Amino acid sequence: MATILAIETSCDETAAAIVKNRKIYSSVVASQIALHQQYGGVVPEVASRQHLEIINACISQAFTEAKLDWDAIDGIAATSAPGLVGALLVGVTAAKTLAILHQKPFLGIHHLEGHIYANYLSEPQLQPPFLCLLVSGGHTSSIYVKDGGEYEILGSTRDDAAGEAFDKVARLLNLGYPGGPIIDRLAQIGDSEAFPLPEGKISLPRGGYHPYDSSFSGLKTAVLRLVQKLDKQGQPLPVEDIAASFQKTVARSLTKRTIACALDYGIKIITVGGGVAANSGLRKHLQAAAAPHNIQVYFPPLKFCTDNAAMIGCVAADRLNRGYTSPLTLGVKSRLAVTEVGQLYQC
Ligand code: KG4
Ligand code: ZN
């Protein structure tokens with residue numbers, strides 16, 4: 001039963017947590033959203049510098065909240081891939097330094113594996129196999145989770161990630177950053193049938209469509225055209241109706257593919273991870289579509305959908321329990337497939 005100090009700095013949240021297997025002792029998340037809002041998106045240099053400024057305070061707070069000291073810690077983990085290289089380096093360097101100083105094992109963790117494990121924090125009884133729909137700002141994949149560390153990608157996006165589509169559509173509606181939560185809020189009061197929008201489909205060479213892959217760039221362009229048309233007509237933009245129509249189209253498209261995948265592979269449990277797992281439309285559509293097939297759907301609580309260090313600690317505890325650690329020579333990587341997590345460890 002490993003107790004882990006975990007650090008997450010892959011993008012715009014500086015986070016530290018202490019977890020024992022699937023139990024959280026503390027979880028500190030310092031969001032940089034306010035800092036990046038003025039630029040309309042994350043500025044990598046600004047993110048790295050801010051991580052550096054507050055990482056030590058986050059780690060101290062994680063210990064204070066957990067009421068634990070270093071003797072209780074069995075291993076120190078940090079997200080090492082994928083993400084912004086400069087941002088990842090801050091967390092990984094802090095973790096390695098503390099590992100050397102306190103003579104504890106170091107573990108480099110895959111960010112997306114963290115999002116998969118976020119479900120265990122609220123559902124400690126959950127066990128693979130299951131299908132994880134991972135929908136974040138940078139990724140959209142249907143991952144067959146066979147065991148911890150054993151993954152197969154069954155579907156993915158061919159262009160924009162789901163979160164990226166929310167952020168881009170919010171930008172073209174002048175709604176601010178990050179777009180997902182704002183669109184979600186407006187969608188609650190809008191009419192989702194107001195504007196029919198196209199659901200992106202991936203054609204197969206021999207006809208028909210790919211059953212599990214998605215595409216969001218066409219949908220984004222359709223929203224752009226709609227906005228241009230309404231602007232030209234001199235009408236005030238019905239942003240709530242556009243937000244609701246867009247959100248319903250994304251939710252329907254992800255739901256259709258995820259359910260088809262689960263049925264084809266005979267999978268009875270679906271988990272959802274990543275920032276877009278917080279979306280109310282997706283939650284509603286997926287639950288409703290899964291129920292008639294007796295498929296159980298798990299969504300992490302909202303605070304564990306977006307980036308946090310508790311989910312990273314949960315992966316690290318599982319790895320350490322199985323006898324894996326990472327070498328201190330492990331570097332950071334901006335890209336690494338979740339099917340390649342084996343590269344991060346030694347036995
Ligand atoms: O997982 P995450 O915190 O960071 C990445 O690893 O990318 O996800 C951030 C993404 C952003 O694109 C944000 O707009 C989206 O998740 N997001 C949402 C919601 N909350 C966050 N998208 C739709 N609805 C939400 N409620
Ligand atoms: Zn993430």
Side-chain angles (χ1 to χ4, degrees), residues 6-15 17 27 29-33 36-37 40-42 44 47 51 78-84 87-88 91 109-119 121 132-141 143 157 160-173 175-188 190 192 216 219-220 243-244 246-255 271-286 299-312 314-315 334-336 338:
I7 298 169
E8 154 65 45
T9 61
S10 67
C11 190
D12 61 347
E13 324 276 2
T14 317
S27 178
V29 181
S31 173
Q32 300 183 4
I33 284 176
H36 298 284
Q37 248 157 2
V42 179
H51 286 312
T79 307
S80 63
L84 303 170
L88 288 167
I109 303 297
H110 195 286
H111 182 75
L112 298 191
E113 214 181 354
H115 280 303
I116 296 171
Y117 274 60
N119 281 280
L121 298 169
C132 179
L133 171 65
L134 211 154
V135 272
S136 70
H139 296 86
T140 297
S141 308
I143 303 171
T157 175
D160 293 346
E164 195 179 355
F166 271 95
D167 294 338
K168 287 179 176 170
V169 165
R171 200 174 307 151
L172 65 90
L173 293 173
L175 296 175
Y177 176 86
I182 307 172
I183 291 193
D184 198 353
R185 210 170 49 240
L186 292 172
Q188 323 265 343
S192 65
F216 295 109
L219 170 60
K220 179 191 63 193
F246 165 76
Q247 177 162 300
K248 187 198 66 188
T249 309
V250 174
R252 257 197 202 158
S253 151
L254 289 171
T255 296
T271 68
V272 189
V276 184
N279 187 261
S280 62
L282 178 61
R283 287 178 173 241
K284 201 178 75 195
H285 275 82
L286 194 51
F299 289 90
L302 295 188
K303 64 181 171 182
F304 297 128
C305 290
T306 45
D307 292 349
N308 65 87
M311 66 185 194
I312 302 301
C314 191
V315 182
S334 60
R335 300 169 75 90
L336 181 68
V338 74

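Counting convention: from 1, in listed order, for ligands and their atoms alike. Because the structure is predicted, anything quoted here is derived from the model rather than measured.
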Notebook entry, point to check: Between atom CG of Leu175 and atom CG of Asp167, what is the distance when rounded to the nearest 0.5 Å?
Noted result: 11.0 Å
Notebook entry, point to check: Could you give the distance from OH (Tyr117) to OG1 (Thr271), rounded to the nearest 0.5 Å?
Noted result: 11.5 Å
So between [options], whose heavy atom ends up nearest [atom]?
atom                    : options                       : value
atom 10 (C) of ligand 1 : Gly137, Ser31, Ser280, Gly83  : Gly137
atom 26 (N) of ligand 1 : Asp184, Asp167, Leu112, Thr79 : Asp184
atom 21 (C) of ligand 1 : Gly281, Gly275, Pro82, Gly180 : Gly275

Notebook entry, point to check: Would Gln188 and Ser280 count as having a side-chain donor-acceptor pair, cut-off 3.5 Å?
Noted result: yes
Notebook entry, point to check: Checking side chain to side chain contact (heavy atoms under 4.5 Å, CB included) for the pair Thr9/Thr79: CA distance, chi angles, key distance, verdict?
Noted result: CA-CA 7 Å; Thr9 61; Thr79 307; over 6 Å; no
Check: Taking the N/O/S atoms of Asp307 one by one, which is nearest to the Zn ion (ligand 2)?
Finding: OD1
Any atoms of ligand 1 less than 4.0 Å from a non-hydrogen atom of [X]? List them with their elements.
X      : answer
Gly138 : 7 (O)
Thr306 : 3 (O)
Gly163 : 12 (O)
His115 : 1 (O), 6 (O)

Ignoring hydrogens and geometry, is there a side-chain-to-backbone donor-acceptor pair from [X] to [Y] under 3.5 Å?
X      : Y      : result
Arg283 : Ala277 : yes
Glu164 : Gly138 : no
Asn119 : Val272 : yes

Checklist line | Heavy-atom closest contact (Ile183 atom, Phe166 atom, distance) | finding: CD1-O, 3.5 Å
Next item on the list: Indicate the atoms forming the closest heavy-atom contact of Gln32 with Glu13, along with that distance.
Entry: N-OE1, 4.3 Å
Check: Would one find an N, O or S atom of His115, in either backbone or side chain, under 2.8 Å from the Zn ion (ligand 2)?
Finding: yes
Check: Do any of the N/O/S atoms of His111, backbone or side chain, fall under 2.8 Å from the Zn ion (ligand 2)?
Finding: yes
Item checked: Among Ile312, Val338, Val315, side-chain contact (heavy atoms from CB on, under 4.5 Å) partner for His110 -> Val338
Identify the protein heavy atom lying closest to [atom], giving its residue, its atom name and the separation to 0.1 Å.
atom                    : value
atom 24 (N) of ligand 1 : Asn279 ND2, 3.0 Å
atom 6 (O) of ligand 1  : His111 NE2, 3.2 Å
atom 2 (P) of ligand 1  : Asp307 OD1, 3.5 Å

Checklist line | N or O contact, Gly274 vs ligand 1, cut-off under 3.5 Å | finding: no
Next item on the list: Consider every N or O of Glu13 and every N or O of ligand 1, then say whether any pair is closer than 3.5 Å.
Entry: no
Notebook entry, point to check: Touching ligand 1 at all, Cys11? Heavy atoms, strictly under 4.0 Å?
Noted result: no
